[in-house]
Student: 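First, the structure itself, so that you have it in front of you.
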Amino acid sequence: MVNYVRIIVIDKHMFPLPPFYYFEIAALVAAFFVLTKNASRPLKWFRYFLLLIILVELFARYKRKILHEPNVWIYNLSIPLEYLFYAFIFYHSVKDMKIRKIGFFFLICYPLFVYINLLFIQGMSVFNSHSMLIGSLSMMVLSGLMLYDLFIRENQVNIVLEPLFWIASGVLLFNAGEFGYYLFSNYLINDGIDKAATFFSQLNSKLIFVLYSCIVIGFVCHRITEKYKKG
């Protein structure tokens, strides 16, 4: 009886999920069922990455809605992992060695910055905006360089059907929006313009839609490319 009541309570507070969860779930489904066995290793890694993201989102929601406990520490750990994942994807996908070195520099230095920020600057109990700002700015740079790398070898790839074109575009747009908001967040919140961070919540949901739509389009482009190769 206790377990049954517990399930009802969880169901009542956990569901329905916000719309952006379903975009993430759709991307995960596409990663498993749209990508073919011939997909490059970076694309296949999205299956495990997207699964991790959804589990993190659900766990964070459970902590806040059911246990009524702070969940900010979860995002302080998961958001840097997202940046590192995309950097890792770009590092393994670019051809230009100078760009690869920039990606490698980020992969080495950013975890150190996050570690120092967690331990000595902002701590675990508050949202690590410093890590978010540095990470989102770096993602804008790295995704821009990924697009540049694709364009300079445009005679070798069809940009429109290149999965990484869409993924890099989604990462660029998402982080440009996030960076822009957080750059002025103190002003927006402290001056009462967005005191409850309502605007951020709405902006973030739309940016998630853009990011995961681009990722799904990238997967579909891979499928189309594979079909043309067979034809």
Student: Quick one, Ile79 and Asn128 - any side-chain contact, counting heavy atoms below 4.5 Å?
Tutor: no

Student: Going by heavy atoms in the side chains, are Phe23 and Leu211 under 4.5 Å from each other?
Tutor: no

Student: For the side chain of Tyr62 and the backbone of Glu57, is there at least one donor-acceptor N/O pair under 3.5 Å apart?
Tutor: no

Student: To the nearest 0.5 Å, how far apart are CG in Leu133 and OH in Tyr181?
Tutor: 12.0 Å

Student: Extract all donor-acceptor atom pairs below 3.5 Å that involve side chains of residues 88-97 and protein atoms in other chains or at least two apart in sequence.
Tutor:
residue: Ser93; atom: OG; partner: Ile89; partner atom: O; Å: 2.7
residue: Asp96; atom: OD1; partner: Lys98; partner atom: N; Å: 2.9
residue: Asp96; atom: OD1; partner: Ile99; partner atom: N; Å: 3.2

Student: Ignoring hydrogens and geometry, is there a side-chain-to-backbone donor-acceptor pair from Asn175 to Leu173 under 3.5 Å?
Tutor: no

Student: Would one find more than 12 heavy atoms of other residues, nucleotides or ligands at under 6.0 Å from atom CZ of Phe209?
Tutor: no

Student: Distance from Ile208 atom CD1 to Phe174 atom CZ, nearest 0.5 Å?
Tutor: 5.5 Å

Student: A side-chain contact here means heavy atoms from C-beta on lying under 4.5 Å apart; do Ile134 and Tyr83 qualify?
Tutor: no

Student: Short question: side chain of Asn117, backbone of Gly123 - any donor-acceptor pair under 3.5 Å?
Tutor: no

Student: Using atom types as modelled and distance alone, determine if a side-chain donor or acceptor of Ser213 lies under 3.5 Å from a backbone N or O of Val210.
Tutor: no

Student: Does any non-hydrogen side-chain atom of Met132 lie less than 4.5 Å from one of Phe127?
Tutor: yes

Student: Heavy-atom count check: over 12 atoms from other residues, nucleotides or ligands less than 6.0 Å from Tyr22 OH?
Tutor: yes

Student: What distance separates Ile215 CD1 from Leu43 CG, expressed to the nearest 0.5 Å?
Tutor: 10.5 Å

Student: Under 6.0 Å between the ring centres of Phe105 and Tyr110?
Tutor: no

Student: So, do Arg61 and Tyr21 sit near enough that their side-chain heavy atoms are less than 4.5 Å apart?
Tutor: yes

Student: Taking atom NZ of Lys44 as the centre, report whether more than 12 heavy atoms of other residues, nucleotides or ligands fall under 6.0 Å from it.
Tutor: yes

Student: With a 6.0 Å cut-off on ring centres, are Phe49 and Tyr86 close enough?
Tutor: yes

Student: State, to 0.1 Å, how close Ser131 and Gln122 come at their nearest heavy-atom pair, and which atoms those are.
Tutor: N-OE1, 4.3 Å

Student: Test ring-ring contact (aromatic ring centres under 6.0 Å, His included) on Phe32 and Phe46 and set out the steps.
Tutor: CA-CA 9 Å; Phe32 277 97; Phe46 270 94; over 10 Å; no

Student: What distance separates Ile217 CD1 from Ile167 CD1, expressed to the nearest 0.5 Å?
Tutor: 11.0 Å

Student: Output the distance between atom CG (Leu145) and atom CG (Leu150), rounded to the nearest 0.5 Å.
Tutor: 11.0 Å

Student: Please check: side-chain N/O of Asn204 versus main-chain N/O of Glu178, any donor-acceptor pairing under 3.5 Å?
Tutor: no

Student: Using every non-hydrogen atom in the two residues, find where Ser169 and Leu147 come nearest and quote the distance to one decimal.
Tutor: OG-CD2, 3.8 Å

Student: Side chains of Phe15 and Leu17: does their closest heavy-atom pair fall under 4.5 Å?
Tutor: yes

Student: Under the 3.5 angstrom rule, does the side chain of Trp166 hit a backbone N or O of Val160 as a donor-acceptor pair?
Tutor: yes

